[in-house]
Structures are given as C-alpha cells and as structure tokens.
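Labels below follow one simple rule: chain letters A, B, ... track the order of the sequence lines, proteins then strands, and each chain is numbered from 1.
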Amino acid sequence: MAYPFFEIEPRWQAFWEENKTFRTPDEPDVERPKFYVLDMFPYPSAQGLHVGHPEGYTATDILARYKRMRGFNVLHPMGWDSFGLPAEQFAIKTGNHPREITDENIATFRRQLKMLGFSYDWDREIATTDEEYVRWTQWIFLQIFKRGLAYESDMPVNWSPDLCAVLANEEVEEWRAKGYTVERRSMRQWVLKITEYAERLLADLDGLDWPESIKEMQRNWIGKSEGAEVDFQIGEDKVRVFTTRPDTLFGATYMVLAPEHPLVDKIATPEQAEAVAAYRAAAASKSDLERTELAKDKTGVFTGAYAVNPVNQERIPVWVADYVLWGYGTGAIMAVPAHDTRDFEFATKFDLPIIQVVEPPEGVDWRGYVGDGIAVHSGEYDGLTTAEFKQKITAWLEETGQGVGKVNYKLRDWLFSRQRFWGEPFPLLHCETCGVVTVPEDQLPVRLPAMQDYRPTPDGQPPLARATEWRKAKCPQCGGPALRETNTMPQWAGSCWYYLRYIDPRNSTALVDPAKEKYWMPVDMYVGGAEHAVLHLLYARFWHKVLYDCGVVSHPEPFQKLVNQGMILGEMEYTAYRNAAGEFVSAEQVDDNGMDKRTGEKLMPVKMADADLQKQGDGFVLKKQADIRVVARAHKMSKSRGNVINPDDIVKEYGADALRLYEMFMGPLTQVKPWSMKGVEGVARFLNRVYRLVVDEETRALSAKLSDAEPTREQLRALHVAIKKVTGDIEKMEYNTAISAMMIFVNEAQTWDALPRTIVEPFLLILSPFAPHLAEELWNRLGNEDTLAYEPWPVWKEEFLQEETIEIPVQVNGRLRGRIRVPSAAAESEIIAAALECAEVQPHLAGKEIKKKIYIPQRMVNLVVAG
RNA sequence: GCCCGGGUGGCGAAAUGGCAGACGCAAGGGACUUAAAAUCCCUUGACCGAAAGGUCGUGCGGGUUCGACUCCCGCCCCGGGCACCA
C-alpha cells in the first residue's frame, strides 16, 4: 500500500503557507550571501499546467531549498505573464472582459503550483496585467521614449482578418497552421531602437554563464559583419554598396540593386524600363516568406545601366534582383561571382562574367571559393593575403573618398506595438499642436477602458479606437485637446523586467528600491525553455541595458547563469502501418505523410504494444512478421495526438513528491526525454521505502528498527557517500544521479536491523529538496517540531568514506584478467606484488616478459607483457 | 546549405583517459499469501561453453595511448535553430 501522501502533502503545504516558511524578508540580513533563483514565469493558459512546467520549476526549487539550508538568503518568486492573445479571443467571442478569464486561469495555475510544494515566496507574486505592474511597464517605456529609443514608422505587418489582429513574425506560422489567414499590410507602428544596443548586446554575451548554443544563437541573430561601403558611379549618381570582402573589388563583374532601391527607376534605360517595372511590381507583391522560400531559383532583370568600378574604372552592368534585400546594408551589392555563392549562381544563370581574384589553397577550385586566400588579378595588390588586402583597400577607399570601413548588423529594430486590446496602453498622447506628448509620470498607469466590443475597427484601427471617450485627453504641454495612443504593447513588454519587480513587488514610488536591487541582482540562476533563446532573452537584456543607462539598475546584464530544460515528450510509441487489404507495410516503405512509397496508397497507422515487437538491427520489427519494421518514436505532447500527461492526475495517483522526483530522475535536466508512467511508479516505490524506514506500515507508529544507538562504520559510510554525492550533484544540477545515490542508500538501509536516528535524520535533510513533503513529515515524526527548511545542510567527512580494504582490477595488456583485494593504505610495491601473484592473472603472464607495470592509485593495475 | 545538440542493453540512463552498463523500468525465476495486490530475494548486453572460462560489444571508418564511451581526423543517422544578411 502506498504511503499516505494524500494526507501528508496538503498538511505541509498548509503549514508552509500559514507559517510563511518561504517568505524572503524585505530587509534581509545583508551579511549573508544571496541567491536569486528564477523560473521563466508562465503564460496562464486555459489548459492549465502541463508536465513541462514542473520540470524547470522543480529544478529551481531543489536549488532554492538547498541554498537556504546552506545559509543563503534565497529569492525564489513566481508570477504570471498574463497578457496574451487567447484571453482577447475569448473576450471577443463572449463579450466578457479578458481580465475575467485571465484571473480564472491564474487561479488554476496557482492552485496547481501550490499542489506541487514549490517553495516560492507567494507574497511576491506579480502578474503583468496588474495595474500597478502596468504602471511601471509604462514608466520604463517613457524612459525609453525620452532617450529617443522609440519612434513611429509605417511598417508592413502581418494582419489576420480572421483574428482581427496583427501578429508578430514568429507567430505567423503558428496561427496559419491553425487555419487563419495572414496577409501583409502597412500600418503605423511603434518601433524600439534595439539596433543601437547591438554591439553591447553582442559583446556582453562573453561574460555570461549561458549554454554556448544559446549565446551562439543570439550572436547569429545580432549578425555582426565587418566590411566596407564603397561608392560606384552610375551616370551622375553614386550608389553605395556594402561588402564584407572589399578585397574582391577587382572581381566585381556586375552590380545588383534591391527591387525597392529608389534609384532603380531613375537609372533604368528606356528599353529596359518596362521589364524593370514589371519585376519590381512582382517583387512587391511577394511576402517575405515567399521571397525566401522561392530562394532556390534566382531571378532578376538588367536595368540597361552601367556602374564604374572605382578600383579599375571598369564598366559593369547593373541588375535588379530580389536576392538583394532592401533592409540590409545599403540595399545594393557589388557582385563577385567567383567568390560568392549567391553571385555565382546568379552569374551562371544569366551568363555574366566570372573573374578570379582569390587564389585558394592547393587543390581547391577557385570558382565559388569563398574562403581566404592570396590576391590575384588585383593589380598592385596581387600577392596580399585576404586580411592584409582588406585593410589596405579600405584605407585607400577612405583616403580617396570613395568608401569607408563599416560594420553592419542583421538585427532589426523591434516592432513594439500591437493592434490589440489586452496589452499595456502606451503612455502617449497625440496633440494637434504639440505632436506626440508623453503622459506625465504621476498620471500613470494609463488604464484600459471598459468596453463592450474588443474587436479592432473594420478599417484595421486597434480596438482602443472604439473607446472614443477614453481617447479624449488634455495635452499636458499646451492644455489643448489630445487623443490617446490606441496601440498597445506586445506581450514581451511585461516579461522584459518582471525579475526586477520581484525584488520589491509592492513599491509604489519606484520600480525597484536601488539598495535592494543592488543586493539581489543579477539573477544567479535562470531556468526555462530553449524556445526563448533569442527573443525574450534578447529583449529583456536590451531593456535592462537601457535601465542600466538610466541608473535604475546596477549591473549591465540581468541573468548571470542560464539553463534550458529539455522538453518532455509523450510516452514512446511504436507504430506499424497497414494497407487497405489489412497487410502490414514495413516502415521503410512509408513516406512522411503515411503513404506507401510504392503504390501511393494511404496507410493506416496502428499502435503496437512492446510485447508484440522485437529488436532487429537498430530498429524494431513485429514478432510475428520479422520483415515488418515499425516506427519507434516519442512525440511532443499534444492534444491532437492524445498523449498529454496532466500533472493533476499524477499527483492524485502518486503524489507531488513522486512527480517531482520522477521528473528529476528521468535524465539530465537539459535533455529531451520521453515520459514513462512505469518510471513514475519506480520512484513512488522508492518514496514508499523511505517512509517504511521510519514508519511501521501496519500500525503507522514509528518503526521498531529506529534506535538511539551509535551508528556502525558501515552505516556512517553509506550515509556519507550519499551526502557527498547528493551535495556535489545538486551544485551541478545533475539531479538524476543524486536521486540514484539516495536510492542506493535506502536499498542498503532497509537491510539493517537497527537504524540509528543519527543516520536517518541527515538522510531526510538531503532528501528534502527533492521530496519536501515526505521529508518534513518524517522529520516531524522523529520528534522535530519545526520545519527542516532551514536546518543546516549535512556535511560529509572523508574519514567515514574510507574503506579498510579496496578492490583493484588487474589488467594484462589492457584487458581485465583479475581482481585483488588490498588494504586501502597499501603501498604501490605491495599492490604490484599482489597483482603478480593473482591466480587469475598468472596464466596470462606465464613465460612472458613483463615490460611495464602501471599502477593508477586506488584504481587499477595494468601489466604490459611482450608477445 | 549553415550553426548548435544527440547517438551506450528491450527502455530511461551512469561512467576526473583507468572494472562499460551504477540507479530505475521492463522481463524471467523464487519467497510470503487460500488467492491476488503489495512487499522481499535472485537472474538479466550479445555470442560460444555443462562449467571454469573465453570472444565480441558504447552509430561507422581510421588515429593517439600501456589503456578510449571519453582525446584527434574523416563520415553516417536523428532532433532543434537559422536560412539569399553581401
């Protein structure tokens, strides 16, 4: 029978709540070290918690509980990223305020998180939709605005007429997949100048303790490239191109302008004008996606004009092609087909000349060679390396006024407005005489108006445009009439700074108290999904740097250490395929859409039980029909697939501690791993064994084996081995092996006739970060009155780890032949002697010359023999 | 195409260059029980062998080393991200 987790867990949750066990004082003892451990806060969706949430949350909770026991002041908060499109969609459908559904969803999430026993300081709970929170989000925007980092711009946006909403680029695919249409439309937008921070956002990555892959993704996103801008003369006009390879100027055989380039119409010759105009029109109607997706085949049109290459006065033809982007660099390039893949494809297709100017290493074809080499056919520069050439030619361009060294970034400014209701209103007014005016700080927050209809206006104005009374305001500068801004901020806004508000969540005079900020920041451990690798983490870093420049925060980076948890997939599924005739079809004959590759027939997927399967090679086949291979895969959890695991169900059946422990035991935190219901049962059995160490299962009284006797050497050793392993593994967040060490301890402990309290109590302490309810309960049953949350963490002693004798494996020529048992203090010579004596080893030495005797202390003997 | 991860028993996994497979699951056998559940004990990488023991084995092919899952070189497969950024 299972231990009564259903009584124990709610009781301790109530205890922690009543006693405010995990309250972090507003004025902590600053003599102690601090530890700020943060989860990426969730969007409280209507679906409630899924098993992916507790994975990261348990990982941080273990660390938080451990650090408290190590004497740290710990800040471990939780809150809600509660603006979001689903609530708005719901409001449009029902006419209810989005706040209603949002509050309901938050209540569900809060209940579910409390049910899992996380040690959050719930007094610091915040939601981005709280008006007090919105106030400071707006305040930060004002600082950004005042620093000239926000501007209005007409920008093409993704407008969905079905949703009546504008979507972010990264949201387009998601909603298209759900069947909504999305089109391009130009709208007035607010944009933030994140590009002004590109260099700092790039440079400061170096000092962060983040996964290298995430840093690399951010670097690629920022996309710094160094090169030069060079002027080419076309008639009386100068056209500037950007190149990272000014050393290939002598190889430029044509030039390409982006279709949007303003000079295109002007330079096109009358004979080419029609073709050029047609091409531009075609390019304009394509979406970004179409332009890039059809990238395989290059298109373009000759303008009829020629440009003059400044290095050799050669006349080169000017083309228009959409493989040159208007948004990057100058929207114009010099094409060097010999040494650029795209130019090479284009030149090949349109039969343009290809001139070699870089000599690649021996044996490499120069056509399409894009690496560094030695300059050729470049006049006086011949013989220079790529690096030297770049430097010299850039200097020459600058001297002669024909160009300049230049750094470009892929990063674009951040489209920051949304045409939605459920977001933070911009604290801005449009005054007829003064233009755009900021709302004075003492009038914040600008609240959302009460509305009946949350849809945008039919002409695409944001929903707030319907609130005609709300829009009317007085200009704080001239006192004249003004209209409120009707755009709202994107969901990112609230998540850009929430980690600061946790530090001082009820401060009504400042975003955060500077002394508290200085004490707690930066975040020491930030855990969340890799899906936020670029956007959230880049935006938050940007806002943080602006606040740093404003003097609001004391450190240039918000998140010192970052860990991404791996996704939890559904249970492993074995799928076989059947055709209409009912015959099985082997997996290699099935294409990605479930069709028979040979006949094109649609096949029926059939789920198989593992009892029907056997391993063959690196896959599985049917036991009854070994020529039929099946597909073995774990899939992402999704409603449509029906493989979603609900944490509520697990807690009901096995308890919160079992769920926590299982998710940590599955494998390394950062790895993708499939769920296994049997695995949950396994850790539940372990928790039962722990319970039975202390409590007699029949009587529910304390176990008769508990004793006040002195522990044996063996018992001390078992305990201290566990303490050492668990301590080290928690520091490294290698929780799966920590749990394994505790299992080994319990497996051993349950064989003992007597269990000293001095052994079981420290064990409960090291178990407590993982299974806090059970640990508290047993700690309490052993007679301790108070929570164990602040008990000092047990310390292992090396002397207890020592064994009197140790076993040493003996190899001959690197192959294991025998084992010897020696006193652990034995000298090398004694050990070698014992190894040579070893009965299993001797046959392998007989009659052979021993050339070398290798001894690795405490580990291994290897005897190298000749022949 | 480019950039990251990853590939070890039937499955999840473990292993500072030093006994590959700890721990858990599953499977098989046994104890307890009228019986079942629960619990406990034993076996369990593959192959040869009655056993002792031996051979092979960490995606594939090479290399370094007394010794390689681990380090180096070249590939293959799977997952994720980016994708005409000059």
**Q** Considering only the P atoms, how many Å lie between B:A51 and B:C41, rounded to the nearest integer?
**A** 27 Å
**Q** With sugar-phosphate meaning primed atoms plus P, OP1 and OP2, does A:Asn736 contact a base, only sugar-phosphate, or nothing at under 4.0 Å between heavy atoms?
**A** sugar-phosphate
**Q** Tell me if the aromatic rings of A:Tyr654 and A:Phe5 count as close, with their centers under 6.0 Å from one another.
**A** no
**Q** With a cut-off of 6.0 Å (strictly less than), are more than 12 heavy atoms of other residues, nucleotides or ligands near CD of A:Glu698?
**A**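 12 or below, so no.
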**Q** Please report the distance separating the P of B:G10 from the corresponding atom of B:U44, rounded so that it comes out in whole Å.
**A** 15 Å
**Q** In whole Å, measure the gap between the P atoms of B:U70 and B:G63 for me.
**A**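 One P to the other, the span is 14 Å.
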**Q** When we call it a touch if two heavy atoms are under 4.0 Å apart, what does A:Ser213 touch: a base, just sugar-phosphate, or nothing?
**A** sugar-phosphate
**Q** Regarding A:Ser225, tell me which of base, sugar-phosphate or nothing describes its non-hydrogen contacts under 4.0 Å with the strands shown.
**A** sugar-phosphate
**Q** Please measure how far the C1' atom in B:C71 lies from the corresponding atom in B:U64, and state the result in whole Å.
**A** 8 Å
**Q** Classify A:Ser676 by what it touches in the nucleic acid, base, sugar-phosphate, or nothing, heavy-atom distance under 4.0 Å.
**A**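 Nothing, no heavy atom under 4.0 Å.
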**Q** Just checking A:His844: base, sugar-phosphate only, or nothing, at a heavy-atom cut-off of under 4.0 Å?
**A**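 Contact class for A:His844: sugar-phosphate only.
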**Q** Ignoring the backbone of A:Thr244, work out which of B:A14, B:C25, B:A86 is nearest its side chain.
**A**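 Out of B:A14, B:C25, B:A86, the nucleotide with an atom closest to A:Thr244's side chain is B:A86.
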**Q** Starting at NZ of A:Lys349 and ending at P of B:C84, how long is that distance when rounded to a whole Å?
**A** 17 Å
**Q** Can you say whether the rings of A:Tyr539 and A:Trp414 are parallel (under 30°), tilted (30 to 60°) or perpendicular (over 60°)?
**A** parallel
**Q** In whole Å, what separates the P atom of B:C73 from that of B:C3?
**A** 14 Å
**Q** Between B:C84 and A:Lys298, counting only base atoms on the nucleotide and side-chain atoms on the residue, is there a donor-acceptor pair under 3.5 Å?
**A** yes
**Q** Provide, to the nearest angstrom, the distance between the CG atom belonging to A:Asp696 and the C1' atom belonging to B:U39.
**A**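 Roughly 13 Å, once rounded to whole Å.
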**Q** Categorize A:Glu212 for me: base, sugar-phosphate, or nothing, with a 4.0 angstrom heavy-atom threshold over every strand shown.
**A**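 Here A:Glu212 touches no strand at all.
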**Q** When you compare B:G9 with B:C72, how far apart are their C1' atoms, in angstrom units rounded to a whole number?
**A**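 My reading of the C1' atoms in B:G9 and B:C72 gives 29 Å.
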**Q** Within the 4.0 Å heavy-atom criterion, would you say A:Pro211 contacts the bases, only the backbone, or no part of the nucleic acid?
**A** nothing
**Q** Could you tell me the separation between the CG atom of A:Asn220 and the NZ atom of A:Lys215, rounded to the nearest 0.5 Å?
**A** 13.5 Å
**Q** Quote, to the nearest angstrom, the C1' distance that separates B:G57 from B:C48.
**A** 15 Å
**Q** Of all the base pairs, Watson-Crick or G-U under 3.5 Å, which form stems of three or more consecutive pairs involving RNA chain B?
**A**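 Stem list for RNA chain B: B:1-7 with B:76-82, B:10-12 with B:23-25, B:27-31 with B:39-43, B:45-48 with B:53-56, B:59-63 with B:71-75.
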**Q** May I have the distance from A:Asn862 (atom CG) to B:U65 (atom C1'), rounded to whole angstrom?
**A**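 So the CG-C1' distance, A:Asn862 to B:U65, works out to 11 Å.
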**Q** Tell me what A:Asn408 touches on the nucleic acid: a base, only sugar-phosphate, or nothing, going by heavy atoms under 4.0 Å.
**A** nothing
**Q** Measure the distance from CD on A:Glu571 to C1' on B:C11 and round it to the nearest whole Å.
**A** 11 Å
**Q** Name the nucleic acid region contacted by A:Gln811, choosing base, sugar-phosphate or nothing; use a 4.0 angstrom heavy-atom cut-off, strictly under.
**A**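 If one applies the 4.0 Å heavy-atom cut-off, A:Gln811 turns out to touch a base.
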**Q** With rounding to the closest Å, how many angstrom separate the C1' atoms on B:G1 and B:A83?
**A** 8 Å
**Q** Can you check whether A:Asp729 reaches A:Lys725 side chain to side chain, under 4.5 Å on heavy atoms?
**A**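 Yes. Closest side-chain heavy atoms under 4.5 Å.
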**Q** Yes or no on side chain to side chain contact (heavy atoms under 4.5 Å, CB included) for A:Phe389 and A:Phe250, after CA distance, side-chain angles and deciding distance?
**A** CA-CA 11 Å; A:Phe389 195 167; A:Phe250 286 87; 4.0 Å; yes
**Q** Taking only residues two or more places apart in sequence, or in another chain, which ones meet A:Lys349 in a side-chain hydrogen bond (donor to acceptor under 3.5 Å, both in side chains)?
**A** A:Asp297
**Q** Whole angstroms only, please: what is the CD-C1' distance between A:Glu345 and B:C84?
**A** 8 Å
**Q** Whole angstroms only, please: what is the CH2-P distance between A:Trp752 and B:C40?
**A** 16 Å
**Q** Identify, between A:Met666 and A:Tyr328, the residue whose nearest nucleotide on RNA chain B lies closer to the 5' end.
**A**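 Its nucleotide being nearer the 5' end, the pick is A:Met666.
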**Q** Contact class for A:Ile744 vs. all strands (heavy atom < 4.0 Å): base, sugar-phosphate, or nothing?
**A**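 Touches sugar-phosphate only.
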**Q** What contact category does A:Arg817 fall into here, base, sugar-phosphate, or nothing, at under 4.0 angstrom with non-hydrogen atoms?
**A** sugar-phosphate
**Q** Base, sugar-phosphate, or nothing for A:Phe620, non-hydrogen atoms under 4.0 angstrom?
**A**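 Sugar-phosphate contact only - A:Phe620 comes under 4.0 Å of backbone atoms but never of a base.
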**Q** Between A:Tyr323 and A:Phe346, how do the two ring planes meet: parallel, tilted or perpendicular, split at 30° and 60°?
**A**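 Plane angle between 30° and 60°, so tilted.
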**Q** To the nearest 0.5 Å, what is the distance between CG on A:Leu693 and CH2 on A:Trp752?
**A** 8.5 Å
**Q** How many whole angstroms separate atom CD of A:Glu573 from atom P of B:C11?
**A** 17 Å
**Q** Kindly indicate, with the supporting measurements, whether the criterion side chain to side chain contact (heavy atoms under 4.5 Å, CB included) is fulfilled by A:Lys724 and A:Glu798.
**A** CA-CA 9 Å; A:Lys724 182 177 180 180; A:Glu798 280 301 329; 3.4 Å; yes
**Q** NA contact type, A:Gly682, heavy-atom cut-off 4.0 Å: base, sugar-phosphate, or nothing?
**A**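 Touches sugar-phosphate only.
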**Q** Select base, sugar-phosphate, or nothing to describe what A:Arg819 touches, counting heavy atoms under 4.0 Å on all strands.
**A** base
**Q** Return the 5'-most residue of the pair A:Arg412, A:Met572 with respect to RNA chain B, ranking by each residue's nearest nucleotide.
**A**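 It is A:Met572, whose closest nucleotide lies nearer the 5' terminus.
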